[in-house]
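No hydrogens, no waters, no symmetry mates; every other heavy atom, side chains included, goes into these values. The chains referred to below are lettered A, B, ... by the order of the sequence lines, with proteins before strands, and numbering in each begins at 1.
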Protein chains: 2
Amino acid sequence: MLLKPSFEDLKKELKNRNINLSYQRLSVLEYLTQNRCHPTVDQIFTDIHKEIPTLSKTTVYNTLRVLIEAGLVRVITIEDNETRYDIEVKDHGHFKCESCGTIYDFCINMDMLNSGDLNNFKINDKNVYFKGVCPRCLSNKNENK
Amino acid sequence: MLLKPSFEDLKKELKNRNINLSYQRLSVLEYLTQNRCHPTVDQIFTDIHKEIPTLSKTTVYNTLRVLIEAGLVRVITIEDNETRYDIEVKDHGHFKCESCGTIYDFCINMDMLNSGDLNNFKINDKNVYFKGVCPRCLSNKNENK
DNA sequence: ATTATAATTGTAATGATAACAACTTTGTTA
DNA sequence: TAACAAAGTTGTTATCATTACAATTATAAT
Ligand SMILES: [Mn+2]
Ligand SMILES: [Mn+2]
Ligand SMILES: [Zn+2]
Ligand SMILES: [Zn+2]
């Protein structure tokens, strides 16, 4: 199973890397640990803005860049028109339901994947994206027959 | 190995689907069969524009949409700031070199990948994206030591 | 040849992200 | 603690990719 890093663990990680623990950064970081739905910048901004009305969207972008560079957040580009963010940086796949839009995590065996074509390549980043229809939407469709 | 469909094969495919074979559409289609570097819209437009000065970028977008809907072209979203297009629709992975920008194809065993988490999901589309440094750039780096 | 349908074109609108400079907060030093 | 320097935040503006739209042109059907 995927390990879920706690907010406190992540705070320590940032401190270790000498990254300043500003109120806004901690707020974004905490949001990501509690909302593991792979949110967009707009979702993150809109939600935190309710708590911190002075928050700027630029800060959300800046913070995400810092967290990504620190290796604490990964980018999900399963769709060409929306960038999403994931606090879980361990290898795992993403499935997007084309009906309800939900993005599901799933386990993958990355070793099985590497066919040997990439023997002499230095691999830094791996992403697996599937699309289709989730079980919930499939059963809803059957009910409406 | 991956099969490379010929321009003529693809023309027949379009005819079968009653998709109009306009000069511009055929031009884009032929470009994709001959430039398998996963080009962006801008690359496609700029190159074909040299031959067809009246070509509009809107037409390139429209044509790509038609070809994608027909299942003859697939979208590559390995980077969040550039959408790329691939005439090869068979399952295969993509590796982007972070140094030279080249996107390499590689073989994958998709069946090995599916861990069972997605047993009840209907899967329509699969993409595997890796990033890192390609052998050529790795050896260049060593030379400059 | 005429007419209807579809495709193309150029421009304008949209929306996500980045650049920027002014302002504010934080950390450091005395 | 006070003063200063560095870093972070904010709001605005700029940029760029993509889409919407209406006018024009090309294709298909009769
Ligand atoms: Mn995830
Ligand atoms: Mn490819
Ligand atoms: Zn669903
Ligand atoms: Zn390279």
Side-chain angles (χ1 to χ4, degrees), chain A residues 10-11 13-31 38-70 72-86 101, chain B residues 10-11 14-31 38-70 72-86 101 103:
Chain A
L10 293 165
K11 259 173 82 170
E13 278 286 333
L14 285 177
K15 244 178 190 160
N16 289 343
R17 294 158 194 264
N18 286 326
I19 294 175
N20 219 322
L21 305 185
S22 76
Y23 183 44
Q24 291 86 343
R25 281 180 183 169
L26 290 178
S27 175
V28 170
L29 195 55
E30 189 174 34
Y31 181 87
H38 315 93
T40 63
V41 165
D42 205 64
Q43 286 176 292
I44 297 167
F45 170 74
T46 303
D47 285 348
I48 301 181
H49 189 258
K50 293 167 191 163
E51 307 298 321
I52 311 174
T54 59
L55 182 71
S56 162
K57 197 175 262 189
T58 299
T59 298
V60 178
Y61 278 107
N62 289 341
T63 298
L64 287 170
R65 185 168 30 74
V66 168
L67 296 177
I68 289 161
E69 281 168 5
L72 301 185
V73 167
R74 71 146 83 183
V75 177
I76 306 294
T77 60
I78 197 169
E79 214 72 69
D80 62 348
N81 57 347
E82 55 178 32
T83 305
R84 293 174 172 274
Y85 301 88
D86 194 348
Chain B
L10 291 166
K11 258 174 81 170
L14 285 178
K15 242 178 192 162
N16 289 344
R17 293 158 194 264
N18 285 326
I19 295 175
N20 218 321
L21 305 186
S22 76
Y23 183 44
Q24 291 88 341
R25 282 180 182 168
L26 289 178
S27 176
V28 170
L29 195 54
E30 189 174 33
Y31 181 89
H38 316 92
T40 62
V41 164
D42 205 64
Q43 285 176 293
I44 298 167
F45 170 75
T46 304
D47 286 349
I48 301 180
H49 189 258
K50 294 167 190 161
E51 307 298 321
I52 311 174
T54 58
L55 182 72
S56 162
K57 195 175 264 188
T58 300
T59 298
V60 178
Y61 278 106
N62 288 342
T63 299
L64 287 170
R65 186 169 31 74
V66 168
L67 296 177
I68 290 161
E69 281 169 5
L72 301 184
V73 167
R74 73 146 83 183
V75 177
I76 307 295
T77 59
I78 196 168
E79 214 71 69
D80 62 347
N81 58 348
E82 54 178 32
T83 305
R84 293 173 172 274
Y85 300 88
D86 194 348
I103 295 181

Among B:T46, B:T83, B:L64, the one residue meeting side-chain contact (heavy atoms from CB on, under 4.5 Å) with B:V41: B:L64
Contact list for DNA chain C against residues 15-28 of chain B - heavy-atom distance below 4.0 Å: B:N20, B:S22, B:Q24, B:R25
Rounded distance (Å) that lies between atom P of D:dC16 and atom CD of B:E79: 17 Å
Length of the CG-C1' vector between B:D42 and D:dT18, whole Å: 12 Å
Rounded interatomic separation in angstrom, taking CZ from A:R84 and P from C:dA16: 12 Å
B:R84 side-chain N/O to B:I76 backbone N/O, donor-acceptor pair under 3.5 Å: no
Contact residues, residues 47-62 of chain B to DNA chain D [heavy atom, < 4.0 Å]: B:T58, B:Y61
Rounded distance (Å) that lies between atom P of D:dA17 and atom CD1 of B:I44: 13 Å
Flag side-chain contact, heavy atom, 4.5 Å: A:L21 against A:K15: yes
Under 3.5 Å: donor-acceptor pair, side chain of B:E69, backbone of B:V66: no
Test item: B:L55 and B:Q24 side chains (from C-beta on) under 4.5 Å apart, heavy atoms: yes
Spacing between B:F45 atom CZ and D:dA17 atom C1', to the nearest angstrom: 13 Å
B:T83, nearest nucleotide to its side chain (from C:dT8, C:dT17, D:dT18): D:dT18
Side-chain heavy-atom pair B:R25, B:L14 within 4.5 angstrom cut-off: no
Heavy-atom check, side chain of A:I44 versus side chain of A:T63, under 4.5 Å: no
Main-chain N/O of A:T40 paired with A:Q43 side-chain donor or acceptor, under 3.5 Å: yes
Interatomic distance where CG belongs to B:L64 and P belongs to C:dT8 [whole Å]: 12 Å
